[in-house]
Amino acid sequence: MPELPEVETMRRGLEGLVGRRVAAVAFPRSRVRPSSVEPRPLAIARRIEGRTIAAVVRRGKRLVIELAGSTRGEPPVWLAIEPRMTGLALVADPPTREHVRLVIELVPTPARGAATRFVFWDRRGLGTIRLFDAMELEAACGMAKLGPDGLGVTADDLASRLGGSRRGVKVALLDQRAVAGIGNIYAAEILHRARIDPRTPCVRIRRDAWERIADVARALLAEAVRHEGSSLGDDTYRTADNRFGRFQRRHRVYGRAGEPCKACGTAIVRIVQAQRATFFCPSCQRRPGRAITAGCGVASRTRLP
DNA sequence: CGTTCAACCTGGGCGC
DNA sequence: TGCGCCCAGGTTGAAC
């Protein structure tokens with residue numbers, strides 16, 4: 001589920017936790033798959049109970065809660081939560097009592113409306129919870145693992161990291177080492193607004209098109225953050241205080257197979273790339289050098305010799 | 001290097 | 001109602 005705009009919205013909803021102290025940590029009904037929680041729940045609890053939340057940051061699609069060094073002189077640690085498909089980071093009541101994976105009880109504060117706890121709820125349970133020290137955080141969420149953040153990505157970033165690739169551009173945009181934060185929804189929406197066919201091999205994309213993709217990506221992701229992300233179904237992504245996002249109303253292609261393109265009326269097509277659905281408008285989105293049909297406010301053009 | 005497939009999971013929707 | 005199948009916002013590792 002959550003891509004950059006959704007995770008960023010969650011993060012903003014958790015900023016009020018900064019300065020709060022962790023009273024207790026619980027992993028209810030934890031069927032701890034070895035790969036989903038690390039280290040073991042008891043070890044995590046022992047290491048963060050009593051600490052103060054120093055910051056809540058985002059690294060790509062991950063939420064990272066920084067816990068200040070302890071009074072005993074232990075260095076800071078970072079709790080990295082990756083919601084994957086169905087994870088929700090909440091300060092409100094979770095959708096169900098089932099599927100609550102982690103509860104962090106906070107030391108009460110007199111401030112009005114202050115949260116009492118943080119809850120990570122994850123229906124499918126594909127999400128991960130990991131506690132890192134500084135070195136581990138860098139290894140797992142650093143530059144080697146994640147490319148530049150989608151909100152700040154530039155044409156230079158894209159051209160240098162993907163320009164030599166023969167992969168289709170839509171598949172390439174999902175590569176978190178190239179750009180961090182773009183997922184299946186926003187890859188489709190970005191390419192529609194940039195008028196690029198998602199199957200176009202990166203090597204065939206010229207400089208002006210990379211500029212368009214980067215400009216659209218930054219603007220679209222920022223717009224989606226302003227609308228607090230995309231909530232598709234009823235039991236889907238919510239903000240930290242349990243409200244739906246609103247950006248789904250502005251989707252132009254994602255999930256709209258067979259429906260008319262909002263720009264030209266042509267039926268939106270669904271294909272599969274790298275085992276994942278891709279939605280696009282076959283009229284508005286062309287491979288470089290191919291004619292673009294009327295209807296998108298773009299003049300036709302032909303391949304240069 | 002790139003692609004494909006399977007896995008990890010739960011649950012909604014659809015056809016029969 | 002029930003069953004079987006397909007689908008889903010993500011990531012990883014193995015096989016080719």
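Chain naming here is simple, since letters A, B, ... match the order of the sequence lines and numbering starts at 1 in each.
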Is there any salt bridge (charged side-chain N to carboxylate O under 4.0 Å, His left out) pair reaching into residues 14-28 of chain A, and which pairs are they, with sequence neighbours excluded? Arg11(A)-Glu15(A)

Does a nitrogen or oxygen in the side chain of Thr86(A) sit under 4.0 Å from OP1 or OP2 of dG11(B)? no

Partners passing side-chain hydrogen bond (donor to acceptor under 3.5 Å, both in side chains) against Glu98(A) (at least two apart in sequence or in another chain): Arg29(A)

In whole Å, I'd like the distance from the CD atom of Gln273(A) to the C1' atom of dC5(B). 17 Å

Note: contacts of residues 130-143 of chain A with DNA chain C (heavy atom, under 4.0 Å) are none

Please give the remaining members of the hydrophobic cluster of Trp78(A), linking ILVMFWY side chains under 4.5 Å, ordered by chain and number. Val57(A), Val64(A), Phe132(A), Leu137(A)

Which pairs, protein N/O on one side and nucleotides 4-6 of chain C N/O on the other, fall under 3.5 Å?
none

Taking atom P in both dC7(C) and dC5(B), compute the distance separating them and give it to the nearest angstrom. 13 Å

Compute whether any side-chain donor of one residue and acceptor of the other, for Trp121(A) and Thr86(A), lie under 3.5 angstrom apart. no

Any chance CZ of Arg207(A) has more than 12 other-residue heavy atoms, nucleotides or ligands included, within less than 6.0 Å? yes

If the C1' atom of dC3(C) is compared with that of dC8(B), how far apart are they to the nearest Å? 24 Å

So salt bridge (charged side-chain N to carboxylate O under 4.0 Å, His left out) across residues 69-95 of chain A, not counting sequence neighbours, yields Arg51(A)-Glu74(A), Arg62(A)-Glu82(A), Arg72(A)-Glu74(A), Glu82(A)-Arg84(A)

Residue list, salt bridge (charged side-chain N to carboxylate O under 4.0 Å, His left out) with Glu136(A), at least two apart or on another chain: none

According to salt bridge (charged side-chain N to carboxylate O under 4.0 Å, His left out), does anything in residues 215-232 of chain A pair up with another residue at least two apart or in another chain? List the pairs. Asp215(A)-Arg218(A), Glu223(A)-Arg250(A), Glu228(A)-Arg243(A), Glu228(A)-Arg246(A)

Could you tell me whether Asp197(A) and Lys170(A) make a salt bridge, using a distance below 4.0 angstrom between a side-chain N and a carboxylate O? no

Quick one: name the residues clustered hydrophobically with Leu126(A), using the 4.5 Å side-chain heavy-atom rule over I, L, V, M, F, W, Y, and just say none if it's on its own. Met85(A)

What's in the same ILVMFWY side-chain cluster as Phe280(A), cut-off under 4.5 Å, chained through other members? Val269(A), Ile271(A)

Donor-acceptor pair between Thr278(A) and Gln273(A) side chains, under 3.5 angstrom: yes

Determine which bases of DNA chain C form Watson-Crick or G-U wobble pairs with both distances under 3.5 Å, and write the result as a 5' to 3' dot-bracket string with | for other-strand partners. .|||||||.|||||||

What string of B, S and - do you get for nucleotides 8-13 of chain C, 5' to 3', when a contact is any protein heavy atom under 4.0 Å? BBBSS-

Take the angle between the ring planes of Phe279(A) and Tyr254(A) and call it parallel below 30°, perpendicular above 60°, tilted in between. perpendicular

